[in-house]
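Below is one structure; the comments refer to it alone.
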Amino acid sequence: MDRPILQVALDLLELKRAIEIASEAIEGGADWIEVGTPLIKSEGMDAVRELKKRYRDHKIVADMKTIDTGAIEVEMAAKSGADIVIILAASDNSTIEEAIRAARKYGSEIMVDMINVTNPVERAKELEELGVDYINCHIGIDQQMMGMDPIELLKEIAKAVSIPVAGAGGLNAEKSALCITKGAKIVIVGSNIVKSRNVTESARKIRKAIDEAWEKGSVSGVKKKSLDEEIRELFMKVSTPNISDAMHRARAMMDIHPVNRGKKIVGKAVTVSTMDGDWAKPVEAIDVAGMGEVIVIKCSGDTTAVWGELATRSCLNKGIEGVIIDGAVRDVDDIRKLGYPVFAKREVPNAGEPKGFGEINVKIVCGGIEVNPGDWIVADDNGVMVIPKKRAYEIARRSLEVKKHEDRIRGEIEDKGRTLADIVELYKWEKVS
Ligand SMILES: O=C(CO)[C@H](O)[C@H](O)COP(=O)(O)O
């Protein structure tokens, strides 16, 4: 190989879109075209046939993810035009051997996907012995959402085998380049190409990154971020509707609205429970909260304010990200002038007194949603979402996938004049009863 291979994974449901996206990706420098497993499940072997007919100069890779009946599945894919068939490394050796025999007979090659294999380095060596052509160090999409990536595994496997090794699983330009420096000859990219608004540009960026890494053998300027920094960056890129979709259409807080429209909050919760009008604990929470955190207040009622301009100014001094109140706020004209993000249930002129009932950093139910200290809060004009701290990274990643998918569809509506129903083949995917 005189340059690394960029394999674009067409993980889509609609063949028409896959064909368009493949040509845009090729224009950006993709070499091999992978018919992704979702496309195969949705359109069958026709997807392999159609892509082969259109892109004869490019290797067509059928991601069959075969686990049994190796010969039949490889024969099907190979006869439909697949140059390479992906089967699962976790399959029994009998399946691997049958797949290899069928591949040899019908003139195709076998790539094994290492997803979820225990002892992957040992297994990779065995698979090389058995005669597979490529090893794919793959971290599945659900595993990526939990923060896994293929780079370390790839490094180990590339040292242990001499056949070409591929890296796959949430790769962007930076991670693709890292894969090359760790010994990958092939990088497989799905989401970061096929879901982008400008497929050609995204493919081009990855092409450039891997070619440079191939030539230099290193990648410069990769800065390690803390988990919280990464979560925050991800949430800053998405909207609350994206987050709701990623949480299986979870609800936002009920009846909590922005005092200032057009402001976004992303941060970890400092929770407060208090009585209607008792502003002692809400104001004390300003001293407890750190920079970038969000004060989330549950009041026992909403007739009397627990928050106003002076509390808001104190938050600004401390760099506190914003305030959410299941209760009443006052001085909203001043808060608007300050441009500070406060979300509340009701706006009133009257404040209560600081009696000191309630607690800071306890479990509360705010706008009908449970909030624990340290849960992530994302709020914008659509509403306030609560993301449990244990799932924050996963939900942030999944939300970004939702956004990428929407960006791509938005592009097809705006640039190609298509309708949403046409793009997502809505009629085909209505539930059959
Ligand atoms: O096989 C796959 C999922 O099982 C994908 O094709 C592979 O993970 C590449 O896609 P992405 O870059 O979105 O992870």
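Order of listing sets the numbers, starting from 1, for every ligand and every atom in it.
- An N or O contact shorter than 3.5 Å is missing between Ala168 and ligand 1 by distance.
- Not close to ligand 1: Gly36, with no non-hydrogen atom less than 4.0 angstrom away.
- Not a single heavy atom of Thr37 lies less than 4.0 angstrom from ligand 1.
- If you check which protein heavy atom lies closest to atom 6 (O) of ligand 1, you get Asp11 OD2, 2.7 Å.
- Which parts of ligand 1 touch Ala9 is read off a 4.0 Å heavy-atom cut-off, strictly below it: atoms 6 (O).
- Under a cut-off of 6.0 angstrom, the local environment of NZ in Lys318 is crowded, with over 12 non-hydrogen atoms contributed by other residues, nucleotides or ligands.
- Numbered from 1 in the order shown, with element, the atoms of ligand 1 that lie under 4.0 Å from a heavy atom of Glu34 read 6 (O).
- The closest side-chain heavy-atom distance from Lys363 to Thr271 is not below 4.5 Å.
- Close approach to Gln144 involves these atoms of ligand 1, each under 4.0 Å from a residue heavy atom: 8 (O), 14 (O).
- Once rounded to the nearest 0.5 Å, the distance linking CD of Glu20 with NZ of Lys416 reads 4.0 Å.
- Residue nearest to atom 13 (O) of ligand 1, selected from Ser176, Ser191, Gly140: Ser191 (by heavy-atom distance).
- For Tyr55 and Trp32, the gap between ring centers reaches or exceeds 6.0 Å.
- Identified under the side-chain hydrogen bond (donor to acceptor under 3.5 Å, both in side chains) test for residues 72-90, with sequence neighbours left out: Lys52-Asp83, Thr66-Glu73, Glu75-Lys79, Glu75-Tyr106.
- Taking SG of Cys137 as the start and CD1 of Ile157 as the end, the distance is 3.5 Å to the nearest 0.5 Å.
- Lys65 counts as a contact of ligand 1, since one of its heavy atoms falls under 4.0 Å from the ligand.
- Atom OG1 of residue Thr419 and atom CD1 of residue Ile413 lie 7.5 Å apart, to the nearest 0.5 angstrom.
- Near Asp63, the atoms of ligand 1 lying under 4.0 angstrom from a non-hydrogen atom of the residue are 1 (O).
- Among residues two or more places apart in sequence or in another chain, the side chain to side chain donor-acceptor pair (under 3.5 Å) test is passed with Asp142 by Arg398.
- Across the listed options Gly190, Gly167, Pro150, Gly190 owns the non-hydrogen atom lying nearest to atom 12 (O) of ligand 1.
- A distance of 9.5 Å separates NZ of Lys59 from CD1 of Ile186, quoted to the nearest 0.5 Å.
- Less than 4.0 angstrom separates some heavy atom of His138 from each of these atoms of ligand 1: 1 (O), 2 (C), 3 (C), 4 (O), 7 (C), 8 (O).
- Under the 4.0 angstrom criterion for non-hydrogen atoms, Asn192 is not in contact with ligand 1.
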